[in-house]
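Okay, so here's the structure we're looking at.
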2 protein chains.
Amino acid sequence: MSIEAEHQERPLRADAERNREKILAAAARVFAERGLDATLDEVATAAAVGVGTVYRRFPDKDALIAALFEDAIDEIAGLARAGAEHEDSWEGLVWFLDQALERQCANRGLRDVVVGSPYAEANLEIAKGRIAPCIARLVERAQRDGRLRGDVVAADFPIMEMMISSVGNMTATVAPELWRRYFTIILDGLAVSRTSPTALPEVPEENVMNEAIRKAHGHARRSH
Amino acid sequence: MSIEAEHQERPLRADAERNREKILAAAARVFAERGLDATLDEVATAAAVGVGTVYRRFPDKDALIAALFEDAIDEIAGLARAGAEHEDSWEGLVWFLDQALERQCANRGLRDVVVGSPYAEANLEIAKGRIAPCIARLVERAQRDGRLRGDVVAADFPIMEMMISSVGNMTATVAPELWRRYFTIILDGLAVSRTSPTALPEVPEENVMNEAIRKAHGHARRSH
DNA sequence: ACGTAAACGGAACGACTCTCTCCACATACC
DNA sequence: GGTATGTGGAGAGAGTCGTTCCGTTTACGT
């Protein structure tokens, strides 16, 4: 109709482009640490920018979140496909879970997206849909090879991931690798048979729980 | 000093006592379903009583929560002691975990208390302190008997409990027994050795996760 | 029966929180 | 140097939730 069918909007002014990048970087940091509940004011402050600037680049919070996490979700789907190419089916599955968990445990925002926060739900469910079939293939192959117990089902895996990443996120600041203990225990439970347990990494301090709880309340305090 | 040293305050008027009970019952129901974030207005409505009445009986929200959960926490400590009396140390441990999880998975409020919500923290930490040593004894005994893998530690158990109960609470309305699958898998991972996996209960529907997520957003929706 | 202390309901208060808008002011680019 | 573009951040607007207050009702002793 008008001038030309150029969906490409005119390039941003140099400073605007610079700020856009600062915002994305800051948002990535803030959402990773605090989860998707973090305020856009926090993001703006972390980017050394005003909130208004954030809203000039991204129509609303959901759009910013979608822009940040669409790639991350596709990356996970890619990992699942890569795992399927491992010659050993069990190790392919374990490798995929390890990689996915590493990301979700280090990034509270990513976990929120995957587990399903109210944010950007609509914008990201198509992306999330791409993961399920990949996992299904990984699981079936490991079961055919007699390595993965036959009574688990593909749908169990997202649930176990969210279970493990709940530990990961809770203890992220206190003992960032602690989730691997429970991941190892679960893997030992998923194997068809084994003669002795796989060695566990990083013994937890007597009071990780308490410290994690204390820290968590620092940022999520109720009013009173 | 005065009239007499009767800490016992004069008995409540009949209707007041009746309401006190209605409030406690309603609070138990509401907190079990919605967790400690539930409003006192919700509790009052569920008790068919005004908020003012709740505040006449309990100085504040924390006091109500403490009144409700102090017993529940002591009960868990009791379960741990009971588990220690089982002749088979492994089965004693499993029995205790099962009992504790049954309670925490059916009761989101109890889980919040144990995992450490900001509510009534001060009021209940003494009660919580009674549990840890009981678990330690259970764990050590099962390890001495060579049934429980030696590289786990008592402090791992509260963490695994919170992991499993996170599934329990998330899927409570959709598939209330689903957590038992992951409990079983973890037990298989905790045993020193086994030749074949323990049968898993209740296969999850293809989309439990999604439904659970959808339901969860029903009650915890952000503003927008 | 009746008077009064006790209890009641629930509107409203106050103190937050968080998204998003608005506009006087600054800046990059032609 | 002129102007479209971009900026900051105060504050509007819509919540949420614990707690209080007080006009009304009710149980209970006399």
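Values below: every heavy atom of this structure, side chains too, minus hydrogens, waters and symmetry copies. Below, read A as the first sequence line, B as the second, and so on, with proteins coming before strands; counting in each chain starts at 1.
The distance between atom CG of B:Asp37 and atom C1' of D:dG18, rounded to the nearest whole Å, is 13 Å. Protein atom CD of A:Glu42 is 11 Å distant from nucleotide atom C1' of C:dT17, rounded to whole Å. Rounded to whole Å, atom P of C:dT19 lies 15 Å from atom CZ of A:Phe58. Atom CG in B:Asp60 sits roughly 5 Å away from atom P in D:dT19 (whole-Å rounding). Between B:Tyr55 atom OH and C:dA11 atom P there is a gap of 16 Å when expressed in whole angstrom units. Distance CZ (A:Arg20) to P (D:dG6): 12 Å, rounded to an integer number of Å. Note: CG (A:Asn19) to C1' (D:dG9) measures 14 Å, nearest angstrom. Atom-to-atom, CG of A:Leu64 to P of C:dC20 comes out at 11 Å; the value is rounded to the nearest Å.
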Protein within reach of the bases, or only the backbone? For nucleotides 22-30 of chain D, mark each nucleotide 5' to 3' as B, S or -, using heavy atoms under 4.0 Å.
----BSS--
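A heavy-atom distance below 4.0 Å to DNA chain C is reached by none of the residues of residues 21-33 of chain A.
Within the nucleic acid shown, B:Arg57 comes within 4.0 Å of sugar-phosphate atoms alone, with no base atom in reach, counting heavy atoms only.
Heavy-atom nearest nucleotides on DNA chain C were determined for B:Ala16 and for B:Asp41, and the one closer to the 5' end corresponds to B:Ala16. For A:Gly52 and B:Glu17, each mapped to the nucleotide of DNA chain C holding its nearest heavy atom, the one lying further toward the 5' end belongs to B:Glu17.
Taking 4.0 Å as the cut-off between side-chain N and carboxylate O, B:Arg130 and B:Glu125 do not count as a salt-bridged pair. Taking a cutoff of 4.0 Å between a charged side-chain nitrogen and a carboxylate oxygen, A:Arg181 and B:Asp151 do not qualify as a salt bridge. Ion pairing between B:Arg108 and B:Glu33 fails under the 4.0 Å rule for side-chain N and carboxylate O. A salt bridge links A:Glu102 and A:Arg180; the closest N-O separation between the charged side-chain nitrogens and carboxylate oxygens is under 4.0 Å. With salt bridges taken as basic N to acidic carboxylate O contacts below 4.0 Å, one links A:Glu75 and A:Arg103.
Within a 6.0 Å radius of CD in A:Glu206, other residues, nucleotides and ligands contribute 12 heavy atoms or fewer.
Exactly one of B:Ile164, B:Leu190, B:Leu200 qualifies for a side-chain contact (heavy atoms from CB on, under 4.5 Å) with B:Ile185. That residue is B:Leu200. Just one residue in the list B:Val30, B:Val51, B:Leu24, B:Val49 forms a side-chain contact (heavy atoms from CB on, under 4.5 Å) with B:Val43, and that residue is B:Val30.
Neither OP1 nor OP2 of C:dA7 sits under 4.0 Å from any side-chain N or O of B:Thr53.
The shortest non-hydrogen separation linking B:Thr184 to B:Pro201 is OG1-CD, 3.9 Å.
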